[in-house]
Each structure stands twice: as structure tokens, then as C-alpha cells.
Number of protein chains: 2
Amino acid sequence: MHTDAGLKKMLPANIEIRDYLAGLIKQSRLKQNERLPSERELVEQFKSTRITVRDALSKLESEGLIYRSNRRGWFVSPPRLEYDPSSRVNFYLLAEQQQRTPATELISQKRIKGPQAARTALAVAADEKLIELVRLRSLDGRPVLYEFIYLPESRFPELMKKDLEGSLTTLMQRDYNVEITHEDNRICVSAVYDQVADALSHINGAPCLEIRRIRYEGERKAVEFDIEHWVHSAIELRIPSH
Amino acid sequence: MHTDAGLKKMLPANIEIRDYLAGLIKQSRLKQNERLPSERELVEQFKSTRITVRDALSKLESEGLIYRSNRRGWFVSPPRLEYDPSSRVNFYLLAEQQQRTPATELISQKRIKGPQAARTALAVAADEKLIELVRLRSLDGRPVLYEFIYLPESRFPELMKKDLEGSLTTLMQRDYNVEITHEDNRICVSAVYDQVADALSHINGAPCLEIRRIRYEGERKAVEFDIEHWVHSAIELRIPSH
DNA sequence: TGCGCATTCTGGTCTAGACCAGAATAAGTG
DNA sequence: CACTTATTCTGGTCTAGACCAGAATGCGCA
């Protein structure tokens, strides 16, 4: 970067690049889901280096203004999906209420022992197996959520034969007569790795919003344990309280 | 990094370094709030470069396993504070319930017009001023929360003469007879800049957990608007629902 | 002993390249 | 035209340094 001879407070180059791109986005000179100039073009434009350019981009990513698609480029984030985890509105309805096109892909379904966290949450017997569902959910073609769902097999016989790409809540209610009475959500910022990162088109170690949830029918009977990994720029949680 | 001659799947160097440090932390070979080896020591140890080492460190930071203290080093994160924004438990009590030592510093207090978001949320008249409080809150000496609080001046006369480092909820209740009936929380992952980043000992653009909150007395009367910037590794939200 | 100053150490920022793997596209082929 | 293949373009990872500013520390002096 050129020196400013002290006219203005000298900003680090990565901040100047960030501010420039943030400006383009705020003025809608770059529209939602539009690709940003490539890193090498930005290097050229700012007479800088890829390290510095990528620094700026990763700041914008942290803010949620842009997102990456692995080896394809950087894109302007559309508005966040507003999501109230305590409401019983399912993903499809939620997306459509906000004029978005939802999609779900069932990645895998297994009968397994499952992770200790799930077994503890569901308070299953030592020999009981869990059903694990892994699903990838998208908005307007962009993957935004990778989720692991654990269910006690005993409560949901024949589950694996059913359609598992739609609303689980509906299915549980209709076919198993489950009425969720309350749930416990834990929310934190975490990071994605390996198959989760790949599926979300992120790099290993990219930050995400993680939601762990236990759903109960009746006072103490846990029937579902979820771990959700959200592309953080895709979501804003809304928690009303009374 | 040495090559593995295909014996195991070859991991990128930054992931190997991450895994090594994550291992030390999980085995408690590095204890909470302990400083990690300096970046240059890690470069030495892994025969790598600072770029790669910092890549690994920033992944660990995203996960919340470590946090940084500006130009002092990287430290192992203590357990996250469990925080239920809908409960009326104040920061002091919350911290002490979890065996942590809380502290609050009042950064500034002003009568100002305030940002548009605050004015809209509080639905104040065009000529009315807001009181802005800026506070930094710490746990065990580590800054974890930088918050902006906006209050309509008309509802809280003489507020600026009071002690503003303690629980605002208590003060509002005691001195102004405010009874909060409900609130609206919005939670997203964002980034910190400038004075917020400085105060939290972070770099510009580091990710944070952002909570925006409107508090109401009575059905529609908003009396408080907050923006909280949490060091993300310091907090886990807990949202029970009924 | 206590204070101020110089030194050392830390992360923060940056340069100027390199090679790789996967995605997208253009070109060639049947 | 449809399909395959080669090329180009993208970000992902990495090397080997550099200089800077702020934090911590050690030392000398009062």
C-alpha cells in the first residue's frame, strides 16, 4: 500500500480492502449471491498480496457479509434466515415464510451406538442402539446446515424405512404419536471440520454456529438429540421471552 | 513438514499443529488460562512457518479452545459461561453461580441521539435523546463482553448520576419502578472492530457472538435496547423452551 | 525499595513468491 | 449433437523471510 503522508490515520491494508468491499456490498454494487472479484484480481487492484487480501476476506466472512464456496470463490451473503429454535415451525415452512427455497438431503442413516453426548442426553440403556440421521439442508441452493440427529431406536421402530428428508417433527407426531412438551437448546460458536466442512463448502476450522438440542415428550423423557452446524452468516436466532 | 510416504492419510500441516495443540488441551497438559508456546516456538517445533502456525491457532480460536490476548499470546479457554438471556439472573449472580469472578467497567456514559437501530427499537420521538452506556465486563480478569446500552432519557431521569457498574435491572426496578414483562433477543455471529476489539484484546475482524435485545415493560413499551459483543469462546447460550 | 527507562519478547501486518486440488470451461472427438 | 478430455481459473496451503507496536521484563538510578 502507498503511504498516506499522515493526512488521514493510516489504516492497515487489510482493513482498507475490507472497508472497500463492505462499501460495495452496502451500496448493493455487489448483489446477494454475486461473486466477488477473485483474490488475485484484488491483489492486482490494491497492489497487495494474497495474504493481506485473504485477511480482509476472512474478516468479512466473520462478519457474515460474505461466504465462501470451496475453490469457487467468495460470494455476497443474502439476508440471514430468522430462526426461533423454540418455535415448532419446521425448516420448510420457515424458509418459505421468508421467501427462500429450502431443500434437504439425507446424507446417511445408521443404527449405531452413537456418541456419548447423545447417549447421556437420551438416557438410553447400555445395550440400546441409536438411530443416527445426518442431513444437509440448503437455502436457494446454498448449503447452510449440517445436522446430526440421534433417536432411541426403541421409541421409533421402523423409522429407517420412512421418508427422512421432510419434517421429522411431523413424522414423529403422525407415525409415533410423539408430542414434544419442551426442549433444551444450547448455542455456541464453534468450527466445522472434515465432512461437515466439505458439505458446507467451507474449509477445515471455519467458524460456525452450533446448536445442540434435546427434545422431550413429557417431563423427563428425552426422545431426540440434535447437533446442528449452521453456516453462521446464514442465520440469526430470535429468542423471544415472556 | 516431513512427508509420510503414504502410510497414513497426509494431513495439511496446519491441521497437524491444530490436532497436537487440541490434544494437549484435552489431556489438560495445558491448563485453563495457561499461555501456549509462542508462535515462533511452534514454528521451530514443527519446522513450519508463522503463516501455517497462525492458521492452526485461528482454527482453535474459532472452535473456542483458545483465546488471544493482544500481543501477549494465546491462552487456553476456561469453560464457557452458561448464559440464559431470557432469565432475569444478572451478570454478577450468574458468574458467581458458576464459580467465576465478575467485574464491570463503565467505559462511557453519554446523552446522545444514538444509532437508528436503537431509536427505532425504543420508538422515541424525533427530538428525544437517548442515554448510552458502554460497559466492559470481565470474568476472572479476562474481558469477555463489551456492551452498548440505550435507554430513553425521559423514562430514566437522573440516571447518569447513579452507580452504573452494577446490575441495571436491579437499578431500574428499585429507582424507576420498571418491571420487565418480556424481551426480544436476536443472536448472531458477527465480528468486532476498533474500540470493541481493543477492549476485548482481540484483533479487528475477530469473530464474536452478538446479542441484540429489546426489553419491554408492558405489552409494547420498549425501555431498553442492548447490543452485546461476547468473546465467543467465553459463552454458551442456554435456551430452554416450554 | 521503588520508579523510570531501555531491552526483549509477543503477536500483528506484510512482501513476493510457490505448488496443489478441485471447479468451471473450452476444445476436441465420435 | 453429446460426451470426453485438456486447459484455465479458483481458492487452499505453504515457504522464508521482513518490519512494527504494544506488553513484559530487567536494570540502573534515586
Side-chain angles (χ1 to χ4, degrees), chain A residues 1-4 6 9-19 34-44 46-62 66-75 141-143 192-194 197-206, chain B residues 1-4 9-19 34-44 46-62 66-75 141-143 192-195 197-206:
Chain A
M1 300 301 299
H2 66 99
T3 56
D4 240 66
K9 60 182 172 187
M10 188 58 188
L11 289 174
N14 73 59
I15 299 292
E16 285 204 12
I17 299 173
R18 186 217 83 93
D19 289 350
E34 188 176 338
R35 224 198 80 206
L36 271 64
S38 79
E39 296 178 1
R40 285 167 177 87
E41 282 168 353
L42 291 168
V43 166
E44 184 72 14
F46 285 93
K47 305 270 176 287
S48 187
T49 64
R50 275 187 71 205
I51 297 283
T52 303
V53 166
R54 282 172 67 79
D55 229 29
L57 291 168
S58 89
K59 283 171 170 52
L60 289 164
E61 183 191 33
S62 292
I66 66 175
Y67 64 94
R68 67 175 94 203
S69 182
N70 212 325
R71 289 173 215 272
R72 292 201 319 123
W74 298 86
F75 299 81
R142 169 191 176 202
V192 290
Y193 284 93
D194 302 327
D198 283 350
L200 295 176
S201 205
H202 272 205
I203 56 169
N204 272 324
Chain B
M1 299 301 298
H2 66 98
T3 56
D4 240 68
K9 60 182 171 188
M10 188 59 187
L11 288 175
N14 74 60
I15 298 293
E16 285 204 12
I17 299 173
R18 186 217 83 93
D19 290 350
E34 187 176 338
R35 224 199 79 206
L36 271 64
S38 78
E39 295 177 2
R40 284 166 177 88
E41 283 167 353
L42 291 169
V43 166
E44 184 71 15
F46 285 92
K47 305 271 177 285
S48 186
T49 64
R50 275 187 71 206
I51 297 283
T52 303
V53 166
R54 282 172 68 79
D55 229 29
L57 291 168
S58 89
K59 283 171 170 53
L60 289 164
E61 183 191 32
S62 291
I66 65 175
Y67 64 93
R68 67 176 94 203
S69 181
N70 211 325
R71 288 171 218 274
R72 293 202 316 124
W74 298 86
F75 300 81
R142 169 190 176 204
V192 289
Y193 285 92
D194 302 327
Q195 86 267 32
D198 284 349
L200 295 176
S201 205
H202 274 206
I203 56 171
N204 271 325

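Naming: A, B, ... by sequence-line order, numbering from 1 per chain. Atom set for the values below is all heavy atoms of this structure, side chains included, hydrogens, waters and symmetry mates excluded.
Atom CD of B:Q195 sits in a crowded spot, with more than 12 heavy atoms from other residues, nucleotides or ligands closer than 6.0 Å.
Not a single donor-acceptor contact under 3.5 angstrom links the side-chain atoms of A:R68 to the base of D:dG12.
What you find for B:V192 and B:H202 is that their closest heavy atoms are CG2-CB, 4.2 Å. Of all non-hydrogen atoms in B:K59 and A:N204, the two that sit nearest each other are CE-O, 2.8 Å.
One atom, CG of A:L11, and another, C1' of D:dC20, lie 16 Å apart when rounded to the nearest Å. If you take CD of A:E41 and P of D:dG11, they are 8 Å apart, rounded to a whole angstrom. The separation between B:D198 atom CG and C:dG12 atom C1' is 12 Å, rounded to whole Å. A:R72 places its CZ atom 11 Å from the P atom of D:dG11, with the value rounded to the nearest Å. In this structure, the CD atom of B:E61 is 9 Å from the P atom of C:dG12, given to the nearest Å. Straight-line distance from the CZ atom of B:F46 to the C1' atom of D:dT15: 17 Å, rounded to whole Å. Between A:E39 atom CD and D:dG12 atom P the separation is 6 Å, expressed in whole Å. The separation between B:N204 atom CG and D:dA21 atom P is 16 Å, rounded to whole Å.
Along DNA chain C, the nucleotide closest to A:R40 and the one closest to B:R35 are compared, and the more 5′ of them pairs with B:R35.
Listed pair B:S48 / D:dC14 fails the phosphate criterion, with no side-chain N or O lying under 4.0 Å from OP1 or OP2. For the pair B:T52 and D:dT15, the criterion of a side-chain N or O lying under 4.0 Å from OP1 or OP2 is met. Contact between the side-chain N/O atoms of B:S38 and the OP1/OP2 oxygens of C:dT10 is found at a separation under 4.0 Å. Applying the 4.0 Å criterion to OP1 and OP2 of D:dA23, one finds that B:N70 has every side-chain N and O outside that range. Between B:R50 and C:dG11 there is no side-chain polar atom (N or O) within less than 4.0 angstrom of OP1 or OP2.
Atom CZ in B:R54 sits 10.5 Å away from atom CD1 in A:I51 (nearest 0.5 Å).
Listed for the A:T52 side chain is no donor-acceptor partner under 3.5 Å among the backbone atoms of A:N14.
Ranking C:dT15, C:dT13, C:dG12 by closeness to the B:R71 side chain, first place goes to C:dG12.
B:I203 comes within contact range of the sugar-phosphate backbone alone, with a heavy-atom separation under 4.0 Å but no base atom that close.
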